[in-house]
Amino acid sequence: MNLAGFLLAEGSEDAACAWCQSYPCLASLSCWGIVAGALGLLLMLPGGWKRGRYLGVLLGCAGLGLLAADLPWFGDLAHQVFFWLLAGTALVAAVIAISVRSPIYTAIWFAISLLGVAGLFLYQEAPFLGVVTIAVYAGAIVVTFLFVLMLAQPAGHTVYDRVSWGWLPKPFAVIAAAALTGLMTFAVASLPSTAPIPTADPIAGDTATSGAPDHMANLGNTLFGTHLVSVEVAGTLLLVALVGAIAIVIHGKQPQLPNQGVEGARNDE
Amino acid sequence: MNEMALLQNYLIVGGLLFAIGLIGFLVRRNMIVMFLCAEMMLQGISLSLVAFGRFHGNLGGQMMVLFIITVAACEAAIALALILMLFQRSQTLDIAFWQNLREEGQPRFVDQQIPEEIEDEREWPQLTPAGVEPELDLEQQRHRTRV
Amino acid sequence: MDEILKYLLCITGLPLAAALLIALLGPKLLRGQSHWLALAAALGSFLCSVLLLLAVRGEISKAGSPHGFEKVYNLWTWADVSDAYDQRITPPAEGSGSVTGGLHDFQIEVALRTDALSAIMLCMVTFVASLVVLFAIGYMKGDRGYWRFFSYVSLFIFSMTMLVSVSNFALLFVFWEAVGVCSYLLIGFWYEKPSAVAAGKKAFLVNRIGDFGFALAIFLIWTTFGTLNFHDSDAVQGAAATAAASPEVRGVLGATRIASDDYVVGPHGQAVLLAICLLLLLGACGKSAQFPLHVWLPDAMEGPTPVSALIHAATMVTAGVYMVTRCTPLFTASPTAQMVVACVGAGTALLAGLIALTQNDLKRVLAYSTVSQLGYMFLALGTGSMAGIVAGMFHLFTHAFFKALLFLGSGSVMHAMGNVIDMRRFGGLRKRMPITHLTFACGCLALAGVFPFAGFWSKDAIVAAVHDKAHVPAEAHLAAADTIPVHLAGYEVSGAPAEHSGSSPYASIYGWLYYVAMVTSFLTAFYTFRAFFLTFYGKERIPPEAGHHAHESPLSMTMPLVALAACAVFVGFTLDSSFADFLQQTPSLAAGAVTQTTMPGFHLDVAVISTVVALLGIGSATYFYLGDRNEIARVGKAMKMERRPGLAGLSPYQLSLNKFFLDEIYSAVIVKPLQGVARLSYWLDRYLVDGLVNVCGRIPPLAGLLMRSLQMGLVQFYALAMVLGALIMVAARMIWAAN
C-alpha cells in the first residue's frame, strides 16, 4: 500500500491500458517522478536559464512527491510523515546545496542536509551515528570547509561558481544520475514486499537492533571486538592522512613569485 | 512496522541523495563544492548501509558507516590541503584550470556559456579572507567609544 | 698430403693470406711497404705453379691415360642436400654399366683439381701477376690507396687461381663473381674520379647480364646432368675408400661421360644442350668482352694501368675462354653452338679492330685490341677441332704476355707523361724512353703477328684451324687422327672439292670467317703500329702535365717490361709438340669427339698469307704515320665524308671513332626504357604503394582523433565516464538477473 494506491480509487486500475501493461516501468509514478525531478534539477543548476529556476523548483517538488507517493508505506501515517519530513529535509537541502552559486551557501545547506540525514539515522535506531554525523560532519568537516573557503575563496563570487558545466556535461550528468536512480528504484520495487523479517544476527547479539540503553555498549563491543583490526587500520589511516596533509601543505608550496602563477594561470585560461 | 517497506524507503532516499551528490560532483566547477558533493554521496551510502544493518538486525551497517566517516575525515584533510595548494598555485578554485592531463594537442575544454552577473543577487555573504587585516573604517574608528 | 695438393693450396692460399694481411695491417702498419707481401705471395704462387706444372708433366709422362690426366681433391663439402630434385630424365639403362648415383642429391664440394689446362693457366696467371705487382711498385708509388691496391690485387690473384682450379660449376661461378668483384673494385680504384666510378658500375652491370646467362646455364646443367661436378666421383683422390659406399657420380666433364659422349639426354636433348652452350657462351661473352657485351672493357681502362694489364688484358678476361675450353665436350656435342661461338668471336674481332683504328687514347686502342684478340680466341674455340682449341689456348697464353707487355708499356708512358694518355698530345718518345720503346716494339710485333714473335705462331695456328675447319672434311680428320701429326712442317690441304659435302654443315660459314680473320689480322697490324708510331716516332711532343717526369721509368717498372718482352719474343716457340701434347692430356680434350679432329699442324701457305697481310698492315701504318705526310689527311677526309655533310655523322670515321654508336644504341634501346620502367616503378611505389600504406597509417590517427577528444583531462569527465560505465554494468546485471 502506498500513497498512490491510497489516493486512487480501486477500480481505476482496470483503466490501465495495454501500453501501460507492456511497459510497466513507464506506467509507474516513480518513473515520472524521477523524470520530473531530473528536469527540475537540470533547470535549477547554476548557469542555466534564470527564470527556469522557479519552474525547476516546481518540477523538483513534483518529482519528489511522485516518487514519495509511489513508495510503499511502512507504518502508520505519523511514522510516514515523520520519515518524509526528515528525508525531505535531507533531499531538499542537498538539492539546494548543489544549486546555489556561492560555495559558502553550499556548505551551509550541506550541513542542513546532514541534519536530515542524522535525523534519519536516529529514526533508524542508530543514535550514535546520528550524533557522530552532526558532531563530526556538521561540526568539524563543514567548519573545516568553511575555513578553507575563507582561505581560498577570492573576493566576490567567481565565474566558475556562477556556471556549471555547459550544454553537454550537465544533461549527461543529470541523465546518468536519473538513470541510476531509475534502475535502483526499479530494483528496489522488484524486491518481494513480503520478505520474511530476518532474525537478529546471532553474532551481533540479541539486543543489537534495539534502541535499548545498552545500544552504545553493544556498539562498542562490536567495534572493538569484531572490528578491532579495522579500527586500528582506520586509526593508522587517520594518522597517515594527518601527516600527509601537513606534508602537502609544507612541501606543496611553489617556490616562485606569487604573481607569476596567477599570470600564467590567467594566460593559460 | 513493515521492515521491508522501510528498507525500500531508506534505499530510495539514500539513492536520491547519492544521485544528487553525483550531479553536483559532475556539473559544479568549484573544487570545494565538488568535494562537498562527494561527501553528500557518502551520506547517501551511509543511509543505505544503516538501513541494511537494521533490516538484517545487526550492527554491521553502522560499523561501515563509522569507517566511512573516518575515511571521509581523512579525505577531507588531504583534499583540503591539496585544494589549498592548488589554489596557491593558480589563484583559482576552478577545476577547469587543471586540465593538464588531457591528450597532447587537444584544446582546452572551455565552457563558453558564462552568464552575466545577476544584478539582483549581488548580496552574497562573504567571509573575510583569512590572514588579511580587515580594512578599518577610519570614520567609524573615530566615533567609536573607547573602553 | 699429396705434393700436388700442397702446391695447389700454396698457389691459392698465399695470395689470400697476403690480401687479408695487407687489408688488416696495410692502413696502419705497412702503408708504403705493402707491396712486399703481395710480391712475395705472387712470386711464391708462381714458383708453386711452375712446380705444379712440372709435377703434372711428370705424372703424365709416368702413366699416360687415354682419358687424360686429372687430380681432384675434395677439401670439404659446402652444401649437401639429399633428394633435392626428382630426376625425371630417364637414367641410362641398367645394362649400360654407368652408374647414376647422385642424380637426386644436390652437392657442392669444395674440390680443387689440377690438369694440364689449369696448370698452364695457373702458370700464366701467376707469372703475369708477379710481373704486374713488381711493375705496380713503381707505378703506384705515393698513391693514397697504395696498400688497398695491393690488397685488391692479391685478392684478385687468389680468385683467379681458384677460378682455374675449382672442379665444380657452382664454385666456378663463385670465383667467376669474385674476379668480377675484384675487377669492379680495381676499375673504380680511384673512386673520387666520376668516370672511374661510372666505368666500374658499367663493368659490373654488363657482367651481370653475362653472369645471368651463366647462372641459367648452371641450373640447366644440373637439371640435365644431375651434378655440377666436372669430375667423376671416383676421380677424387682418396675416394677409393668411400667409393663402395656411395654410388658413382658421373661428372659433367668427367672421363666416363666424355668417353661415352653422353651429352644428348632426354627427348629434347639437342635443344637443351644448345641452350646450355649458348647460355655458357653468354656468360663467357660477359666476362671476355665479346660482341654484345664488350662495351665495358674499353671503359675499364679507367683503372690503374697495372690493373688493365693484369685483369683486363691477361687474366680475367680470358676466364671466358678458359670456361669454353673447359666445356669443350658440351660444345663439341652441339655444332650449332660451336658455329655461334666462332661467329661471335670473328665478329667481335673485326668490330673491335675497326673501332681501334681511330681511337686516340693509347689504352683504348690496346683495350679494343684485347677485345679483338679475345675474339680470335673464341673463333679458334668455335672451330671445335683439336687444332683450334689448342690454338685458342695458345693464343691466350701468348696474348697474355704481349698484351700485358703492351699495357705495362703504355703504363710506363703514362707514368712519364703525367697520366696523359691521349696519343695526339705526345709523340717521339723513343729517345726519352728507350727501354719502353724497344719492349713496346716487341709487343707490337707480337700483336701484329710477325715472324718469329709469339703472336705469329698463335694467330697463325688459329687462322689455320679455321681454314682447316672450312676446307678439310671430317673423314680427313679421322684419317689424320691415326697418324702422328707433323708439327712445324708443311701440312697441305688434302681435301678435294668433292669431299666438301662430308665436312661440317657450316663449312661455308667457316670459310667466310677465315677471310674475316685475315682482314682482322691486317687491321690489327695497322692500328698497333699506328699507335706505336704516334707514340714513339715523329716530332717529340711532351704534354705540360709531364713536368720533369718525362724520362725512362724506374727499374721496378722496366724489369717486368724486359721480362715480358723476352716472353713475347720466345714463348711462341713453345708451340711444339710438347704444348699441344700436354694440353691434350686435359680430360676435356683427351677423349670424345674432339680427338677425332685434326691435330694442330702448321700450314705454310696460311702462315705466308697471314704474314704478308700483317706486313701489309705494318707497311701501310708506316706509310701513313711515320714522318710527316699528307696522305693520311686525304684518306681521313675521304673517310670523314666531308663532302656530304648530311652523312658526316655516319661516315666510316665517325662510326669507328664512336664505336659504331653501340653505347648510344644500348642507351636508347636498353638503358632508357629501363629508366622509364624504373621511373614508373618509382612512381607506383611512391604514390600507389606508399599511398596505400600512408592511408593505412592515417586511419589509426583518425580513429585516435575521435578517441583523443575523450581525453580532455577534466576530472569530472572521467567521473562521468566512470558513472556511465558503472551504469551499463548495473543495467546489464539487472537484465541478466531478470532473464
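Throughout, protein chains are lettered first and strands after them, A, B, ... in sequence-line order, and every chain is numbered starting at 1. Since we're looking at a predicted model, the values are computed, not measured.
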Student: Return the minimal non-hydrogen interatomic distance between B:Ile83 and A:Val148, and the atom names on each side.
Tutor: CG2-CG1, 4.5 Å
Student: To the nearest 0.5 Å, what is the distance between OG1 (A:Thr185) and CD (B:Gln8)?
Tutor: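 The CD atom of B:Gln8 is 10.5 Å from OG1 of A:Thr185, to the nearest 0.5 Å.
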Student: Determine, stepwise, if the pair B:Gln43 / A:Leu114 fulfils side-chain contact (heavy atoms from CB on, under 4.5 Å).
Tutor: CA-CA 8 Å; B:Gln43 289 308 309; A:Leu114 281 177; 3.4 Å; yes
Student: Under 4.5 Å, counting heavy-atom pairs only, tell me which of B:Ile12, B:Leu66, B:Leu84 racks up the most with chain A.
Tutor: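 Answer, by heavy-atom pair count under 4.5 Å with chain A: B:Ile12.
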Student: Who among A:Leu238, A:Leu180, A:Ile141 has the most heavy-atom pairs with chain B under 4.5 Å?
Tutor: A:Leu238
Student: With a 4.5 Å cut-off on heavy-atom pairs, point out which of B:Leu7, B:Leu26, B:Ile20 contacts chain A the most.
Tutor: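 When all of B:Leu7, B:Leu26, B:Ile20 are compared, B:Ile20 has the most.
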Student: To the nearest 0.5 angstrom, please state how far the CD1 atom of B:Ile32 sits from the CD1 atom of A:Ile104.
Tutor: 9.5 Å
Student: Name the region of A:Thr181, side chain, backbone, both or neither, that has any atom closer than 4.5 Å to a heavy atom of chain B.
Tutor: side chain
Student: What is the minimum heavy-atom distance between A:Leu219 and B:Met63, and which atoms define it?
Tutor: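 Heavy-atom minimum between the residues: CD1-CE, 3.3 Å.
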Student: To the nearest 0.5 Å, how far apart are CD1 in A:Ile98 and CG in B:Leu36?
Tutor: 12.0 Å
Student: Among B:Cys37, B:Ala76, B:Ala51, which has the most heavy-atom pairs under 4.5 Å with chain A?
Tutor: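 Most heavy-atom pairs under 4.5 Å with chain A: B:Ala51.
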Student: Of A:Leu42, A:Val95, A:Val174, which meets side chain to side chain contact (heavy atoms under 4.5 Å, CB included) against B:Ile23?
Tutor: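 The passing option is A:Val174.
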Student: Is it the side chain or the backbone of A:Val233 that comes within 4.5 Å of chain B heavy atoms, both, or neither?
Tutor: neither
Student: Show, in sequence, the C-alpha distance, side-chain angles and deciding distance for B:Leu16 and A:Leu67, and conclude whether the side-chain contact (heavy atoms from CB on, under 4.5 Å) test is met.
Tutor: CA-CA 10 Å; B:Leu16 284 176; A:Leu67 200 61; 3.3 Å; yes
Student: Given a strict heavy-atom distance threshold of 4.5 Å, which part of A:Leu41 is in contact with chain B: side chain, backbone, both, or neither?
Tutor: side chain
Student: What part of A:Ala97 is in contact with chain B, defined as an atom under 4.5 angstrom from a non-hydrogen atom: side chain, backbone, both or neither?
Tutor: both
Student: Please flag which part of B:Leu42 lies under 4.5 Å from any non-hydrogen atom of chain A: side chain, backbone, both or neither.
Tutor: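 For B:Leu42, the contact with chain A is made by the side chain alone.
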Student: Go through the steps for A:Leu223 and B:Phe67 under the test side-chain contact (heavy atoms from CB on, under 4.5 Å), then give the verdict.
Tutor: CA-CA 10 Å; A:Leu223 188 60; B:Phe67 290 122; 4.1 Å; yes
Student: List the residues meeting ring-ring contact (aromatic ring centres under 6.0 Å, His included) with A:Phe145, not counting sequence neighbours, and say none if there are none.
Tutor: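 With neighbours one apart ignored, the set is B:Phe35.
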Student: With a 4.5 angstrom heavy-atom cut-off, which part of B:Phe25 approaches chain A: side chain, backbone, both or neither?
Tutor: neither
Student: Return the minimal non-hydrogen interatomic distance between B:Val13 and A:Ala87, and the atom names on each side.
Tutor: CG2-CB, 3.8 Å
Student: A:Ile34 versus chain B, heavy atoms under 4.5 Å apart: side chain, backbone, both or neither?
Tutor: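 Contact with chain B involves no heavy atom of A:Ile34 at all.
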Student: Examine whether an atom of A:Ala38 lies under 4.5 Å from a heavy atom of chain B, and if so say whether it belongs to the side chain, the backbone or both; otherwise answer neither.
Tutor: neither
Student: For a side-chain contact (heavy atoms from CB on, under 4.5 Å) check, start with the C-alpha distance between B:Leu6 and A:Tyr123, then their side-chain angles and the critical distance, and finish with the verdict.
Tutor: CA-CA 11 Å; B:Leu6 185 66; A:Tyr123 188 71; 4.1 Å; yes
Student: Which pair of heavy atoms, one from B:Leu17 and one from A:Ala90, lies closest together, and at what distance?
Tutor: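 Shortest heavy-atom contact: CD1-O, 3.9 Å.
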Student: How far does CG of A:Leu129 sit from CE of B:Met64, to the nearest 0.5 angstrom?
Tutor: 12.5 Å
Student: Just verifying a value: how many Å separate A:Leu149 CG and B:Leu93 CG, rounded to the nearest 0.5 Å?
Tutor: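 A:Leu149 CG to B:Leu93 CG: 7.5 Å, rounded to 0.5 Å.
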Student: Over all heavy atoms of both residues, which pair between A:Ala234 and B:Thr70 is shortest? Give the atoms and the distance, please.
Tutor: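 Heavy atoms only, the tightest pair is CB-CG2, 3.8 Å.
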Student: Of all heavy-atom pairs between A:Ala245 and B:Ala81, which one has the smallest distance, and what is that distance?
Tutor: O-CB, 3.7 Å
Student: Pick one of side chain, backbone, both or neither for B:Glu39, based on which atoms fall under 4.5 Å of a heavy atom in chain A.
Tutor: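 For B:Glu39, heavy atoms of backbone and side chain both lie under 4.5 Å from chain A.
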Student: Can you check whether B:Leu59 reaches A:Phe128 side chain to side chain, under 4.5 Å on heavy atoms?
Tutor: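 Side chain of B:Leu59 against side chain of A:Phe128, heavy atoms only: no contact under 4.5 Å found.
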Student: Sort A:Leu120 into side chain, backbone, both or neither according to what part of it lies under 4.5 angstrom from a heavy atom of chain B.
Tutor: both
Student: Chain A: which of B:Leu86, B:Leu11, B:Leu80, B:Leu22 shares the most heavy-atom pairs with it under 4.5 Å?
Tutor: B:Leu80
Student: Could you state the interatomic distance from OG1 (A:Thr106) to CE (B:Met34), rounded to the nearest 0.5 Å?
Tutor: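 Result: 13.0 Å between the selected atoms.
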